[in-house]
Amino acid sequence: MTGEETGMKERWYVTAKRADFQAIGKKFGIDQVTARIIRNRDIIGEAAIAQYLECSTEQLHDPHLLKDAQKGAQILADKIAKGKKIRVIGDYDIDGVNASYILITGLRICGAQADHVIPDRVHDGYGINCRMIERALEDDIDTIVTCDNGISASEEIAYAKKSGLTVIITDHHEVPFSLDAQGEKVYRVPAADAVINPKQADCTYPYPGLCGAAVAWKFIQVLYGQMGIAREKSFEMIAHAAFATVGDVMDLTGENRTIVKLGLKAIHETDDPGLLALIEQNHLEKEQIRAWHFGFVLGPCINASGRLDTAKRSLQLLLEPSLEKASLLAKELVELNDRRKNLTLQGLEEAKRLIEEQGLAKDKVLVVYLPDCHESLAGIIAGRIRELYHKPVFVLTNAEDGGVKGSGRSIEAYSMYEEMSKCSGLMTKFGGHPMAAGLSMDRENVDRFRTDLNAYASLTEEDFMEKVHIDVPMPLNYIRTGLLREFECLEPFGKGNPKPVFAVRDVHPLRASIVGKNKNVLKFVLDDGAGGCMDAVYFGDIEAFLEFLRGKSSLQQTEALFSGAPQDIRFSITYDPSIDTYLGREKIQVIIRNYC
């Protein structure tokens with residue numbers, strides 16, 4: 001089934017992985033629909049299902065399995081005993097800020113003389129640089145600990161070592177590599193005193209998909225053990241590891257899912273001033289917080305300071321012991337995020353205009369040059385363009401140093417870091433993941449960068465089709481409040497553990513209306529033909545949906561739908577079932593995601 005009738009390039013698939021759903025449901029006391037969804041997440045076998053449903057601390061891996069974690073902890077224990085000055089150098093995004101918080105808090109609990117530096121996005125760029133090293137020397141710093149950066153800073157680390165500094169790297173980004181004559185990868189690991197990164201080829205840690213804050217949290221656990229501090233003490237910071245895991249868009253599988261589930265439980269009980277203030281300034285209650293809030297409400301506020309001001313403000317919030325002062329800081333972050341939203345919208349509209357005017361839409365990889373865009377917004381705009389075109393996207397902007405900086409966001413079929421490596425000579429600096437990357441280059445290389453990326457790309461039209469994976473074709477009359485409550489055991493939802501997708505064919509809309517304060521919600525009453533009749537809402541492009549209805553039936557039939565008169569319109573939908581609470585009363589409705 002395709003959604004091309006709607007004008008979107010998408011294809012619908014029903015995931016049909018086999019198992020004895022009746023037996024699973026009986027064994028674990030869950031509905032067969034829930035059992036089917038769990039199987040669709042490739043959770044197989046009673047032990048794995050039990051772990052998925054339970055998510056306990058026993059499922060967390062031994063942090064000592066991280067290469068160099070014990071070595072790094074011993075180095076820090078010796079430095080702390082000698083009263084040496086330690087500096088944490090983080091990053092300006094949600095992962096780097098939370099990682100910095102975890103390291104600085106953990107070090108101080110261990111009695112360290114520790115301070116922190118976060119680079120300025122515009123003046124310093126990503127990660128540790130030589131100016132920071134020189135500043136550390138001026139401040140009589142003995143040891144630098146990086147977090148969420150450092151793995152791609154071989155030259156800077158070499159300079160720090162030559163200058164007499166001890167350096168410990170904690171990071172989670174891909175290890176830089178080059179290709180030898182045989183096409184084999186030759187990895188370049190910086191010559192630090194300890195390198196703690198589960199992406200290293202010789203690291204035996206069983207789950208390499210941790211974010212930078214989670215790596216820092218694991219490292220602090222090892223340090224606590226070295227210092228005779230109970231492991232349980234580290235769980236005071238698990239909410240921050242969870243916050244960063246979702247905010248940095250890590251897969252919510254395996255250990256990450258456990259960290260986030262435990263972190264959300266901690267959030268619901270927290271008395272941490274910084275987190276409480278951020279939640280309250282967004283008009284939320286701590287018990288309400290779900291993974292979605294991490295990614296789309298709270299996280300953008302943390303990121304906003306690093307984009308438009310300084311990430312030091314976000315770190316200051318997390319470290320603030322006074323709720324009153326934290327509230328003032330959180331209010332500033334919310335205001336910065338509102339400003340960021342407006343600037344993002346302006347940049348997105350300009351990007352869409354250029355793509356159409358310059359004929360870029362035909363490219364396999366979109367490279368959009370927005371010289372006047374604030375460089376901190378490039379990644380967000382790239383992500384929005386990727387959603388519109390379902391292609392890999394790089395957004396480039398002018399940098400203060402006279403060059404160009406940019407961010408990329410990818411699709412599943414295109415490993416961004418690997419593809420960038422093929423034209424590494426055009427960039428002065430780059431790094432990232434398969435799905436996201438950052439780079440710097442000389443301005444004259446922009447056109448060549450676009451040309452070469454597209455020349456190397458082996459993407460096909462099928463890769464550009466957004467794939468909608470349906471977990472269960474489920475008639476509306478099967479939806480019950482108890483079942484929706486049961487689905488909570490599948491949370492947290494996010495990348496790698498998506499919210500379940502349901503579908504129903506040939507629903508008949510009995511009536512429709514456009515509602516909402518800004519008339520931006522399309523509301524239906526749907527009949528599924530199997531005895532199910534239910535309210536449905538659609539929050540997407542209303543005009544496109546109406547055009548679809550007029551094209552599928554007729555203008556007269558569509559007018560009849562909105563007047564409540566009889567008509568013969570039918571269409572298929574994918575949907576989320578939800579419980580709508582109004583004035584204390586609960587009512588089930590479905591949220592339409594896709595239609596065809």
Hey, is the main chain of Gly431 close enough, under 3.5 Å, to the side chain of Ser152 for a donor-acceptor pair? no
Ring centers of Tyr101, Phe243 separated by less than 6.0 Å: no
Nearest-0.5 Å distance, CG of residue Leu377 to OG of residue Ser407: 10.0 Å
Is it true that Asp471 and Arg36 have a side-chain N and a carboxylate O under 4.0 angstrom from each other? no
So, Lys185 and Glu418, do they make that salt bridge, N to O below 4.0 Å? yes
Atom CG of Asp447 and atom CZ of Arg443: how far apart are they, to the nearest 0.5 Å? 12.5 Å
Criterion side-chain contact (heavy atoms from CB on, under 4.5 Å) against Val501, the qualifying member of Val472, Thr574, Asn594: Thr574
Please tabulate, for the side chains in residues 174-181, all donor-acceptor contacts under 3.5 angstrom to protein atoms that are two or more places apart in sequence or on a different chain.
residue	atom	partner	partner atom	Å
Asp180	OD1	Gln182	N	2.9
Asp180	OD1	Gly183	N	3.0
Asp180	OD1	Glu184	N	2.8

Salt bridge present between Lys495 and Asp251 (N-O < 4.0 angstrom): yes
Please list every donor-acceptor pair under 3.5 Å in which a side-chain atom of residues 305-312 meets a protein atom from a residue at least two apart or in another chain.
residue	atom	partner	partner atom	Å
Ser305	OG	Ile302	O	3.2
Ser305	OG	Thr310	O	3.4
Ser305	OG	Ser314	OG	2.5
Arg307	NH1	Ser376	O	2.4
Asp309	OD2	Arg313	NE	2.5
Asp309	OD2	Arg313	NH2	2.4
Thr310	OG1	Lys312	N	3.1

Check ion pair Arg121-Glu400 (N to O, under 4.0 angstrom): no
Tell me whether Lys499 contacts the main-chain N or O of Glu491 through its side chain, where contact means a donor paired with an acceptor under 3.5 Å. no
Indicate yes or no: does Arg550 engage Glu547 in a salt bridge with an N to O separation below 4.0 Å. yes
Report the C-alpha separation of Leu490 and Ile37 in whole Å, then their side-chain angles, then the decisive distance to 0.1 Å, and conclude whether the side chain to side chain contact (heavy atoms under 4.5 Å, CB included) test is met. CA-CA 8 Å; Leu490 305 170; Ile37 294 164; 3.8 Å; yes
Can you check side chain to side chain donor-acceptor pair (under 3.5 Å) on Tyr414 and Lys364, steps first, answer last? CA-CA 10 Å; Tyr414 187 85; Lys364 293 180 177 180; over 6 Å; no
Salt bridge or not for Glu335 and Lys331, using N-O below 4.0 Å? yes
Against Arg340, only a single residue in Thr344, Leu343, Leu336, Asn342 fulfils side-chain contact (heavy atoms from CB on, under 4.5 Å); can you say which? Thr344
Once you round to the nearest 0.5 Å, how far does OG1 of Thr397 lie from NZ of Lys405? 8.0 Å
Would His172 and Asp148 count as having a side-chain donor-acceptor pair, cut-off 3.5 Å? yes
Would the distance check show the side chain of Arg450 and the main-chain N or O of Val367 forming a donor-acceptor pair, the cut-off being under 3.5 Å? yes
If we ignore hydrogens and angles and just use 3.5 Å, is the side chain of Asn520 paired with the main-chain N or O of Gly516 as donor and acceptor? no
Is it the case that Asn197 and Asp171 place a side-chain donor and acceptor less than 3.5 Å from each other? no
Is it true that Asp91 and Tyr126 share a donor-acceptor pair across their side chains at a distance under 3.5 Å? no
So, for Phe430 and Phe449, is the gap between ring centers shorter than 6.0 Å? no
